[in-house]
Amino acid sequence: MKSLSQKVDKIEESQTIAMTTLAKKLRAEGKNVISLSAGEPDFPTPENIKQAAIKAIQDNFTKYTQNEGIPELREAVAEKFRSDNGIDVKASNILVSNGGKHSLFNALQAILNPGDEVIVPAPYWVSFPEMVKLADGTPVIMKTKEENGFTFDASDVEPLLTPRTKAIIINTPSNPSGAVIGEESLRSVARLAREKDFYIISDEIYEKIIYDGNKHFSIGSIDEVRDRVITSSGVSKAYSMTGWRIGFIAANDEIIKRAAKIQSQMTSNASSISQAAALEALRGPQTDIEKMRAAFEKRRDVMLMKLSQIDGITVKKPGGAFYFFPSVKGLIGRTYNGKSLTGSSDVAHFILSEAQVALVPGGAFGSDENIRLSYAYSEKELTEAADRIAAAVAGLK
Ligand SMILES: Cc1ncc(COP(=O)(O)O)c(C=O)c1O
C-alpha cells in the first residue's frame, strides 16, 4: 500500500494525554493511582454557565452559527480584551474557535509559510512545536534558565533571529513552569518585534490564574505592536470549562479573515450551545473565578512546602497557572531495583510504579531535568501524593 502522511510522522503524540490515559488505565485495573498529570481545573463549571447551556438547548439554539462565532459572543470577547487586557479591539477582530488549542492552530496556519521559523521558549507547552510543524513552520527552541524563573527578555530572543523568523510564541502564565513574564520583559520583546519585523503569538489561557497580588499584563496592549500580536485565550481554565471547547483570538483584520477562512473549511463554528455558555461566562457574575484562583494559590503554597522538603527535588515558586515544574536533576543517576534513572521519563515512570502518582516527564516540554505536576487537585490528594513521592524517593540508592 502507498505510504501515509509524512507530516504525521514528524509530530509527537501529546505526552500529557498519554500519561493521563495510562493513569486512567491503571485505575481501571484497581490501582490506587493519584494522577497529577492533567491540565484542567477540578472544579465543576459554575452553575449559571451550565444553566445558560441548558436554556440554549431548550430554546433550540442548536444549529450552525456564524463561522466566526455569534455576534454577541464576539462582542463580549472584544469587550473582555479591552477591559481586562487593555487590548484595543472590535468584535470583528475576534475569532471564536473550538478551544484554545484550535485558536492557536488557526493563528499559526494563518501566518506561516513553509520554512518560516517560530521561536518557542522552553520549557514549552507540548503542543507549540508540533503545531508549528503542522503549519509547515520550523520551531526554533529558545532555552530559558531555571535560575531566572524560566522567564526571558529581548536579549535572549535576539541571538536566535534569522531572516526566516516569522514569530515568537509567548505563554504567560506558563504551562509547564508557572512562570509569569513581567511587563518590562514583554515591552523589550515588543520593541524587538517591531524593529526586526516578526509576529507575536501570545497564549494567555491562564491569565486569570495568577498569584501574589500580581496583575496579568498583555503584550497586545502595547500600542507599537498592536497589529503584530495575536492574543489567544479562552474559557477552559478560568471558568473550568475544558470540555466545552471554546477559545478565541484577537488579531488584526487580515489575520482574522485568514484564520476564519481556515476554520470555515475545517470545523466551521464552535458548538452553538458552548458559545451560549461562554457568553454567560464572560457576561455573568465573575465571583467563581476568584474563588478558584484563591483555591489554586492555597494549594500551590501547601504543595510548595511539601515538595521542597524532598531530597533530590528542587522547586521554584510558580507565579501563575496550576503547575509545578521541579528539577529532578538530583535524582538522575540514583538507582532502584538495580536500574539507574537516566532522565525525566525514567523518573516519571519510577514515581508512577513506586508511588502510584502520575505526572509528566519534563522531556515532553523541552527540559529533561524536570517533571511537571499539576496542582488542580484537592489538598488531600496533593498532600497524599507528595508523601508518596517522598517515601518512594527515600528508597532510591
Ligand atoms: C498553554 C496552553 N495553551 C492552550 C491550551 C488549550 O486550551 P483548550 O483546552 O482551550 O484547548 C492549554 C491547555 O492545556 C495550555 O496549557
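As the structure lists them, so they are numbered: ligands from 1, and atoms in each ligand from 1.
Contacts between Arg245 and ligand 1, counted as non-hydrogen atom pairs separated by less than 4.0 Å, involve the side chain only. With a heavy-atom cut-off of 4.0 Å, Lys237 touches ligand 1 through its side chain alone.
If you number the atoms of ligand 1 from 1 as listed, the ones under 4.0 Å from a heavy atom of Ser236 come out as 8 (P), 9 (O), 10 (O). Those atoms of ligand 1 with a heavy atom of Asn171 less than 4.0 angstrom away are 1 (C). The Gly99 neighbourhood of ligand 1 comprises atoms 10 (O), 11 (O), with distances under 4.0 Å to a heavy atom of that residue.
Here the protein heavy atom with the shortest distance to atom 15 (C) of ligand 1 is Trp125 CE2, 3.5 Å. With hydrogens left out, the protein atom closest to atom 2 (C) of ligand 1 is Asp203 OD2, 3.3 Å, a heavy atom.
Taking 4.5 Å as the limit, every side-chain heavy atom of Lys24 sits out of range of all side-chain heavy atoms of Ser35. With a 4.5 Å cut-off on side-chain heavy atoms, Phe61 and Ile273 do not count as touching. In this structure, the side chains of Ile181 and Phe152 come closer than 4.5 Å at one or more pairs of heavy atoms.
Residues passing the salt bridge (Lys or Arg N to Asp or Glu O under 4.0 Å) test with Asp311, sequence neighbours excluded: Arg334.
A side chain to side chain contact (heavy atoms under 4.5 Å, CB included) with Gln356 is found for exactly one of Asn32, Ile34, Leu26, namely Asn32.
Atom NZ of Lys50 is surrounded by more than 12 heavy atoms from other residues, nucleotides or ligands within 6.0 Å.
Residue contacts with ligand 1: Tyr206 is placed with a nitrogen or oxygen under 3.5 Å of a nitrogen or oxygen of the ligand (distance criterion only). Considering both main-chain and side-chain atoms, Asn175 comes within under 3.5 Å of ligand 1 through a nitrogen or oxygen pair.
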Discussion item. Glu381 vs Leu36, test: side chain to side chain contact (heavy atoms under 4.5 Å, CB included). Steps then yes/no.
Written reply: CA-CA 9 Å; Glu381 282 172 296; Leu36 306 185; 5.5 Å; no
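Nearest residue to atom 8 (P) of ligand 1 from Ser374, Ser233, Gly100, Ala38 is Gly100 (criterion: closest heavy atom).
Every pair passing salt bridge (Lys or Arg N to Asp or Glu O under 4.0 Å) that includes a residue from residues 162-182 is listed here, sequence neighbours excluded: Asp116-Arg164, Asp116-Lys166.
Every heavy atom of Thr242 sits 4.0 Å or more from the atoms of ligand 1.
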